[in-house]
Undergrad: 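I am attaching a structure below and will ask some questions about it afterwards.
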Amino acid sequence: MAAKVIDGKALAEKVRAGLCAEVEALRKKTGSVPCLAVVLVGENPASKIYVNMKEIACEKVGMKSRKIQLDESVAEKRLLDEVKALARDPEVNGILVQLPLPRQLREQVVIESVPPEKDVDGLHPFNMGRLLAFADPLFVPATPKGVMALLKEAGAVLDGANAVVVGRSNIVGKPVAALLLKENATVTVCHSKTGDLAAHTRAADVLVVAVGRPKLVGADMVKKGAVVIDVGTSKMDEKLVGDVDFAAVREKAAAITPVPGGVGPMTIAMLLDNTLSAFKRQKGLL
Ligand code: NAP
C-alpha cells in the first residue's frame, strides 16, 4: 500500500488560521500586533524569494514585518549596528538575519548579535544551548519545529524508535536530532563523512533527510513502514525537488512528506508562531 502523504500545506494553513485569530485577539487586547524584522544582505535570488515569502506570510496573519536591505558589500560593523537598532526597538519583536551571508560577514558573530529574546530563528547559542541541555529554548528553529509537527501529524511513534537524521547543519540537522532525543528516540546523525549511509537509513523507523541532493535517498535505503520527512529542496529542470525519491519511497514507507508542500510551508508557519511567542513574552503575556 502506498504511504500516507503528509500534507504540510494543509497543516500550515491550520496553524496560520490559529495564529490569525490569536493576532486579532492580541490586537484588541494590547492595541498592537507582532512585528518581525528581516535583514537581507545582498541579492541572493533564493534569499530574496524567502524574505518575500516571510513578509507576505506575516501580512496574511495580520502581523507586521519590516525589511532591512543591505548591500552585498556591507561592512560587518554596519550590519551589527542595524541589528542593535532592531534589538533596541520596542516595536520589533522578532529579528531574523537571512542566511547565507556574503563572505566578509562572520555568521557566528552576526547570529550572536541578535538578542536571545528576539531570536525567532532559534540560532543564538543561548537558545541552541538551552535546546540541547534543557530542551527548553525560548525559540525552537522553525524548520525543525515544523518537522516535529509533521511527525506528530503523521502519528509517528517516537518513544524508543530508531530515528536517523541525514544532515548536521545548525539550522536543521542538529536541532532536529535534539528534538527527537527529547522525545526518547534513539538518534543517529549522518553527514557527508558517514561511511555507509544506507546501512543507517535502512534501520530508521523515522528518517529525516536534510542535505540538498536530489534523490539521495532511494527506496532501497528505506525500511518498510518508516516515516520519512524530506527537508531538502533543490531546483531540477526548474522544478523544486527534495532529497528523497518520492515516487519510489512512497511505495515502501508508511508516511512521507512531499516536496513541495511538506516541510516548506510548515517552516514559515513556525516562524510566525515564534514571532507570536516573542511578542507575548515581551508583553508579559507568556
Ligand atoms: P547544509 O548546511 O548545506 O547542510 C547539509 C548537510 O548535509 C551537511 O551536514 C552535510 O554534511 C550533509 N551532506 C552533504 N552531502 C551528504 C551526503 N552525500 N550524504 C550524507 N550527508 C550529506 O544545508 P541545510 O541548511 O541543513 O539544508 C539542507 C537542505 O534542506 C537544503 O536542500 C535546503 O535547501 C533545505 N532546507 C529546506 C527548508 C524548508 O523550509 N523546506 C529549510 C531549511 C533547509 P557535512 O556536515 O559533513 O558537510
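By convention here, the first residue in the shown sequence is residue 1. The analysis underlying the following values was restricted to heavy atoms, covering all of them including side chains, and did not include hydrogens, waters or symmetry mates. Counting convention: from 1, in listed order, for ligands and their atoms alike.
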Undergrad: How close does the nearest protein non-hydrogen atom get to atom 42 (C) of ligand 1, and which residue and atom is it?
TA: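 Here the closest protein heavy atom is T143 OG1, 3.2 Å.
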
Undergrad: Starting from atom 9 (O) of ligand 1, which protein heavy atom do you reach first, and at what distance in Å?
TA: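 Ranking protein heavy atoms by distance from atom 9 (O) of ligand 1, first comes R168 N, 2.8 Å.
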
Undergrad: If we set the cut-off at 4.0 Å for heavy atoms, which region of V231 has an atom near ligand 1: side chain, backbone, both, or neither?
TA: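 Answer for V231: both.
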
Undergrad: Taking K9 first and then E13, would you say they form a salt bridge - that is, a charged N and a carboxylate O separated by under 4.0 Å?
TA: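 E13 and K9: not salt-bridged.
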
Undergrad: Only one of V217, D230, V166 clears side chain to side chain contact (heavy atoms under 4.5 Å, CB included) with V211; which?
TA: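 The single option meeting the side chain to side chain contact (heavy atoms under 4.5 Å, CB included) with V211 is V166.
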
Undergrad: Would you mind reporting whether E43 and Q69 have side-chain heavy atoms less than 4.5 Å apart?
TA: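 Yes, at least one pair of side-chain atoms sits under 4.5 Å.
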
Undergrad: Starting from atom 23 (O) of ligand 1, find the nearest protein heavy-atom neighbour and note its residue, name and distance.
TA: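 Atom 23 (O) of ligand 1 sits closest to the protein heavy atom V211 O, 4.3 Å.
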
Undergrad: Give the residue, atom name and distance (to 0.1 Å) of the protein heavy atom nearest atom 11 (O) of ligand 1.
TA: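 Looking only at protein heavy atoms, the one closest to atom 11 (O) of ligand 1 is S192 N, 3.1 Å.
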
Undergrad: Taking atom 44 (C) of ligand 1 as the point of reference, which of L99, V172, V147 owns the nearest heavy atom?
TA: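 Answer by nearest heavy atom: V172.
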
Undergrad: Any salt bridge between D136 and R130, counting N to O under 4.0 Å?
TA: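 Judged by the 4.0 Å cut-off on N to carboxylate O distance, D136 and R130 do form a salt bridge.
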
Undergrad: Could you tell me whether ligand 1 has any atom less than 4.0 Å away from a heavy atom of T233?
TA: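 Flag set, T233 near ligand 1.
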
Undergrad: A210: heavy atom below 4.0 Å from ligand 1, yes or no?
TA: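 A210: in contact with ligand 1 (<4.0 Å).
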
Undergrad: Checking contacts here: is it the side chain or the backbone of V166 that comes within 4.0 Å of ligand 1, counting heavy atoms only? Could be both or neither.
TA: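 The answer is the side chain of V166.
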
Undergrad: Counting each atom of ligand 1 from 1 as listed, which ones have a heavy atom of G264 under 4.0 Å away?
TA: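 Answer for ligand 1: 40 (O), 41 (N).
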
Undergrad: Please report which non-hydrogen protein atom sits nearest to atom 25 (O) of ligand 1, along with the residue it belongs to and the distance in Å to one decimal place.
TA: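 The closest heavy atom on the protein side is I171 CG2, 3.5 Å.
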
Undergrad: When you look for heavy atoms under 4.0 Å from ligand 1, do you find them on the side chain of T267, its backbone, both, or neither?
TA: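 Side chain only; the backbone of T267 stays clear of ligand 1.
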
Undergrad: Could you name each residue pair satisfying salt bridge (Lys or Arg N to Asp or Glu O under 4.0 Å) that touches residues 153-165, not counting sequence neighbours?
TA: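 Every pair satisfying salt bridge (Lys or Arg N to Asp or Glu O under 4.0 Å) with a residue in residues 153-165: there are none.
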
Undergrad: Without swapping roles, check the side chain of D205 against the backbone of V227 for a donor-acceptor pair under 3.5 Å.
TA: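 Not confirmed, D205 side chain does not pair with V227 backbone.
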
Undergrad: Side chain, backbone, both or neither: which part of M266 has a heavy atom under 4.0 Å from ligand 1?
TA: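 It is neither; nothing of M266 touches ligand 1.
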
Undergrad: Identify the closest protein heavy atom to atom 20 (C) of ligand 1: which residue and atom is it, and at what distance?
TA: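 Minimum-distance protein heavy atom for atom 20 (C) of ligand 1 reads H191 O, 3.3 Å.
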
Undergrad: Would you say ligand 1 has an N or O under 3.5 Å from any N or O of S234?
TA: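 No, no N or O pair falls under 3.5 Å.
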
Undergrad: Begin with the C-alpha distance, continue with both residues' side-chain angles, and end with the deciding distance and a verdict on salt bridge (Lys or Arg N to Asp or Glu O under 4.0 Å) for E76 and R106.
TA: CA-CA 8 Å; E76 190 175 273; R106 290 169 296 172; 2.5 Å; yes

Undergrad: Hey, are E91 and R66 close enough for a salt bridge, meaning a charged N less than 4.0 Å from a carboxylate O?
TA: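 Salt bridge absent between E91 and R66.
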
Undergrad: Give me the residue, atom name and distance of the protein heavy atom closest to atom 31 (C) of ligand 1.
TA: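 Ranking protein heavy atoms by distance from atom 31 (C) of ligand 1, first comes G212 CA, 3.8 Å.
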
Undergrad: Among all the protein's non-hydrogen atoms, which is closest to atom 2 (O) of ligand 1, and how far away is it?
TA: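 Protein heavy atom at minimum distance: S169 CB, 3.4 Å.
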
Undergrad: I'd like to check which ligand 1 atoms, numbered from 1 as shown, lie under 4.0 Å from a non-hydrogen atom of G167.
TA: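 Close to G167: 6 (C), 7 (O), 9 (O).
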
Undergrad: Which heavy atom of A255 sits nearest to which heavy atom of A3, and what is that distance?
TA: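 Closest approach of A255 to A3, heavy atoms only: N-CB, 3.8 Å.
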
Undergrad: Hydrogens and angles aside, do N274 and K145 bring a side-chain donor and acceptor to less than 3.5 Å of each other?
TA: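 A donor-acceptor contact under 3.5 Å links the two side chains.
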
Undergrad: May I ask you to check whether over 12 heavy atoms, not counting those of K280, lie within 6.0 Å of atom NZ?
TA: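 More than 12 heavy atoms, drawn from other residues, nucleotides or ligands, come within 6.0 Å of this atom.
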
